[in-house]
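Structure first, commentary second.
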2 protein chains.
Amino acid sequence: MSTAEETAGGEMQPWAEVTPEAARRLLVAAVEAFAERGYHATTTRDIAGRAGMSPAALYIHYKTKEELLHRISRIGHERALDILRTAARREGTATERLADAVSSFVRWHAGGRTTARVVQYELDSLGPDARAEIVALRRQCDAEVRGIIEDGIAAGEFEVLDVRGTTLAVLSLCIDVARWFNIAGPWTPDEVGALYADLVLRMVGAHKAPAAGK
Amino acid sequence: MSTAEETAGGEMQPWAEVTPEAARRLLVAAVEAFAERGYHATTTRDIAGRAGMSPAALYIHYKTKEELLHRISRIGHERALDILRTAARREGTATERLADAVSSFVRWHAGGRTTARVVQYELDSLGPDARAEIVALRRQCDAEVRGIIEDGIAAGEFEVLDVRGTTLAVLSLCIDVARWFNIAGPWTPDEVGALYADLVLRMVGAHKAPAAGK
DNA sequence: GGCCTTGCTAAGCGCTCGCTCACCTTCGGC
DNA sequence: GCCGAAGGTGAGCGAGCGCTTAGCAAGGCC
């Protein structure tokens with residue numbers, strides 16, 4: 001299984017780039033708390049407590065509570081874009097690349113559900129400047145997926161009525177995995193990824209099956 | 001266009017069942033505020049202000065802020081179930097009924113985006129008892145859609161790998177409309193409903209087109 | 001050994017939150 | 001014209017919020 005996320009230069013430890021260690025502990029604690037209760041319902045005391053520190057320690061490493069959300073959101077979106085971009089630009093037919101993109105993206109949303117929830121659903125809690133930066137990253141995600149679909153249409157592999165709408169629906173389907181996964185059913189991230197890749201290929205009217213990719 | 005929502009006994013004024021009028025005004029104000037900022041970021045002063053009343057007036061009609069969310073969520077879910085049930089139990093082939101269910105359900109999420117956002121995304125802000133009641137309604141929504149898909153398979157109209165997973169994906173796709181609609185693109189609720197009905201029929205491998213339904 | 005710098009804590013500031021309470025209208029019944 | 005109920009208000013309570021500040025322990029440098 002040589003799929004997008006292993007070859008994207010991504011770390012296995014998703015927050016390894018955050019230093020020093022105390023700042024990373026606080027950030028991981030914030031991800032968990034935000035995913036569980038939501039940004040506004042999470043207190044700085046809760047975050048510091050989960051990291052085993054006093055409330056004041058948070059403000060040595062971060063200027064505000066919102067900066068924590070901003071850094072989480074930016075790193076998460078960069079990772080998401082990385083996954084999609086790697087799948088979009090690998091070799092192979094549009095069918096294979098779309099299946100890879102969807103299964104990788106879904107696996108990320110299912111496996112890292114805590115992170116993905118924060119990344120995908122707490123966007124409105126950011127201030128205008130931070131939100132604008134993140135929205136730009138999201139548009140790039142959209143462009144990568146739309147690119148694959150347009151390639152598939154040009155190559156005669158896909159049959160799509162509305163490229164823009166179908167792109168949005170494909171991304172929407174993947175993103176919403178972060179909301180329901182692990183609440184509803186007994187699937188592994190791999191299983192959901194495979195199922196969703198099949199569903200998406202049907203949505204774009206792909207003519208031939210992907211190359212046995214999981 | 002004789003589709004689910006017109007024949008479901010639903011009101012055109014969605015909150016008509018809430019009386020007296022002051023209680024309804026407060027509830028409508030709460031829906032708007034919750035949809036804009038989220039439950040936890042909304043203050044009781046904000047809700048009362050939007051309704052043109054003093055903060056204390058809220059507590060004449062509702063015991064707590066959470067009771068407001070609970071009532072909104074229950075009425076909204078009952079409406080959603082109503083839409084799906086009407087489409088599921090009308091006459092017609094499984095293909096026609098599924099297309100009707102999806103397009104009606106999507107139109108409701110797109111058109112009443114403020115309400116749908118609260119209903120679909122603020123579930124975790126409810127306490128355990130209220131949440132359990134709402135989750136039961138959601139399971140009934142799931143059962144209605146699964147029923148149509150199983151009918152379609154039995155009738156040889158659909159080809160589906162995983163009934164439970166596909167059902168979940170169909171509902172997920174529709175629900176997520178409440179998150180992105182009116183942010184991303186220039187579609188009307190009708191257009192999104194029609195596009196999504198087509199996409200979902202592809203997902204279930206429907207063999208013949210639906211009967212010209214919008 | 002004296003002395004900064006770094007990373008942290010205990011205490012608490014100012015503020016706003018959900019919610020309450022004492023009181024004030026308005027109005028139908030008689 | 002008086003009365004009680006229903007529906008409203010202004011002021012404010014206790015609690016908890018995001019964030020700040022004064023001070024402390026530890027380690028490298030001279």
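All of these numbers come straight from a predicted model, not from anything done at the bench. Labels below follow one simple rule: chain letters A, B, ... track the order of the sequence lines, proteins then strands, and each chain is numbered from 1.
Considering only residues two or more places apart in sequence or on other chains, B:R37 meets the side chain to side chain donor-acceptor pair (under 3.5 Å) condition with B:D46.
In summary, the side chains of B:W187 and B:N182 do not present any donor paired with an acceptor at a separation below 3.5 Å, with no hydrogens or angles considered. Defined by atom type and a distance below 3.5 Å, a donor-acceptor pair is missing between the side-chain atoms of A:H77 and A:Q140. The closest side-chain donor-acceptor pair between A:D100 and A:S104 falls under 3.5 angstrom.
With a heavy-atom cut-off of 4.0 Å to chain B, the contacted part of DNA chain C has its first and last nucleotide at C:dC17 to C:dC21.
Here CG of A:L168 is found 8.5 Å from CD1 of A:I175. Values are rounded to the nearest 0.5 Å. Considering CD1 of A:I148 and OG1 of A:T95, their distance stands at 10.5 Å, rounded to 0.5 Å.
The list of ring pair (Phe, Tyr, Trp, His ring centres under 6.0 Å) pairs with a residue in residues 115-136 of chain A, not counting sequence neighbours, reads A:Y121-B:Y121. Each ring pair (Phe, Tyr, Trp, His ring centres under 6.0 Å) pair with one or both residues in residues 28-74 of chain A, not counting sequence neighbours, appears once here: A:F34-A:Y39.
Under the 3.5 Å distance criterion, the side-chain polar atoms of A:E66 are matched with a main-chain donor or acceptor of A:G127.
Counting to the nearest Å, the C1' atom of D:dA22 and the OH atom of A:Y59 are 18 Å from each other.
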Please encode protein proximity along nucleotides 8-13 of chain D as a string of B, S and -, counting only heavy-atom distances under 4.0 Å. BBB-B-
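Of the residues in residues 27-43 of chain A, those lying under 4.0 Å from DNA chain D by heavy-atom distance are A:T42, A:T43.
Electrostatic pairing of A:E144 and A:R89 counts as a salt bridge here, judged by a charged N lying under 4.0 Å from a carboxylate O.
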